[in-house]
S.K.: 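I'd like to ask some things about the structure below.
On a predicted model such as this, the values are computed, not experimentally measured, just so you know. Every chain is numbered from 1, with letters handed out A, B, ... down the list of sequences.
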Amino acid sequence: QQPVQSPQAVILREGEDAVINCSSSKALYSVHWYRQKHGEAPVFLMILLKGGEQKGHEKISASFNEKKQQSSLYLTASQLSYSGTYFCGTEGSGGSNYKLTFGKGTLLTVNP
Amino acid sequence: GAVVSQHPSWVICKSGTSVKIECRSLDFQATTMFWYRQFPKQSLMLMATSNEGSKATYEQGVEKDKFLINHASLTLSTLTVTSAHPEDSSFYICSAKTARSGSYEQYFGPGTRLTVT
């Protein structure tokens, strides 16, 4: 079942922060975050595994609450290069053979 | 590291012909590769899972006789769209999961834009 992402779109000024949420109706083993720019393939950002972990690098971090079946992606002090569509991909628990189901995406636009 | 290539990057073909798309993991071995299609401004829809040396597993609603998948080696998977029709026009993207134990990341290729006229 497709995870639900919110918001659908967000517009920021350079330097502002944003949070993108991803929630699932089923138990999850992992959540994968990707950013896709127009006409290009998705670029891997990070993966969070069951266990309620948090991860981050530079100004992009994420959390995964397995009990709530939710993950959030945090973008701080946004840069113009952060613009793109962000997808979360979820892997269900119980042996899914690594198959990911992607949300509909969140379009992030960072303006100067 | 973790580079995945696709060839061709775009292709235009006539209705009724077949098109082959290659997906290669350049600097790692991939026991599992995935094929997706993406329509404009929409999400990635998984078509099939390709495991090296075995038959691909197709998602519900995907015709296995129309979308032939071969995973001949740990670095190459191919998708052949047979008897293509205009409704098959789409962006086809592969991803590869490393064979490394304990690794769960999937890396995407740059995609192939197929236009059927």
Side-chain angles (χ1 to χ4, degrees), chain A residues 1-6 8-9 20 22-24 28-51 53 55 57 62 64 66 71 83-109, chain B residues 1-7 9-10 21 23-25 28 30-52 54-60 62 71 90-113:
Chain A
Q1 201 159 359
Q2 190 175 40
V4 177
Q5 286 186 235
S6 63
Q8 291 184 344
I20 300 171
C22 173
S23 65
S24 173
L28 299 176
Y29 181 77
S30 66
V31 179
H32 304 228
W33 285 97
Y34 292 84
R35 176 174 59 219
Q36 185 180 32
K37 293 186 181 284
H38 181 68
E40 300 178 8
V43 173
F44 174 77
L45 294 176
M46 65 186 75
I47 175 177
L48 299 106
L49 302 177
K50 188 170 79 168
E53 62 174 344
K55 270 192 177 180
H57 56 86
F64 175 30
E66 65 178 286
S71 178
S83 292
T85 300
Y86 289 78
F87 290 100
C88 69
T90 56
E91 179 187 3
S93 60
S96 69
N97 194 27
Y98 311 112
K99 291 196 304 184
L100 297 180
T101 305
F102 285 90
K104 292 187 176 182
T106 295
L107 177 61
L108 176 72
T109 304
Chain B
V3 178
V4 178
S5 71
Q6 274 185 247
H7 178 80
S9 54
W10 60 269
I21 302 169
C23 176
R24 291 182 185 271
S25 55
F28 65 99
T31 49
T32 306
M33 290 184 172
F34 303 90
W35 287 95
Y36 297 83
R37 64 188 298 181
Q38 186 179 35
F39 293 106
K41 297 186 178 180
Q42 292 191 23
S43 187
L44 298 133
M45 300 303 296
L46 179 65
M47 298 175 65
T49 302
S50 168
N51 289 298
E52 186 265 337
S54 63
K55 289 185 178 180
T57 305
Y58 291 82
E59 295 301 299
Q60 194 171 12
V62 177
H71 195 151
S90 188
F91 192 48
Y92 291 86
I93 315 176
C94 71
S95 72
K97 178 195 169 304
T98 74
R100 187 160 44 94
S101 175
S103 173
Y104 300 93
E105 296 89 355
Q106 292 184 29
Y107 297 94
F108 281 85
T112 295
R113 188 161 301 283

S.K.: Could you check whether any side-chain N or O of B/Gln6 sits under 3.5 Å from a backbone N or O of B/Cys94, counting only pairs where one atom can act as donor and the other as acceptor?
M.R.: yes
S.K.: Using non-hydrogen atoms only, which part of B/Leu44 is less than 4.5 Å away from chain A: side chain, backbone, both, or neither?
M.R.: both
S.K.: Check whether any side-chain heavy atom of A/Gln36 sits under 4.5 Å from a side-chain heavy atom of B/Phe108, and report yes or no.
M.R.: no
S.K.: Tell me, out of A/Gly89, A/Pro42, A/Gly39, who's got the most heavy-atom pairs with chain B below 4.5 Å.
M.R.: A/Pro42
S.K.: Flag the one option from A/Ser30, A/Gly105, A/Gly103 with the top tally of heavy-atom pairs under 4.5 Å to chain B.
M.R.: A/Gly103
S.K.: Applying ring pair (Phe, Tyr, Trp, His ring centres under 6.0 Å), can you list everything that pairs with A/Phe44, at least two apart in sequence or on another chain?
M.R.: A/Tyr34, B/Tyr107
S.K.: Where does B/Glu59 contact chain A at under 4.5 Å (heavy atoms): side chain, backbone, both or neither?
M.R.: side chain
S.K.: Mind checking side chain to side chain contact (heavy atoms under 4.5 Å, CB included) for B/Ser43 and listing every partner two or more places apart, or none if nothing turns up?
M.R.: A/Gln2, A/Phe87, A/Phe102
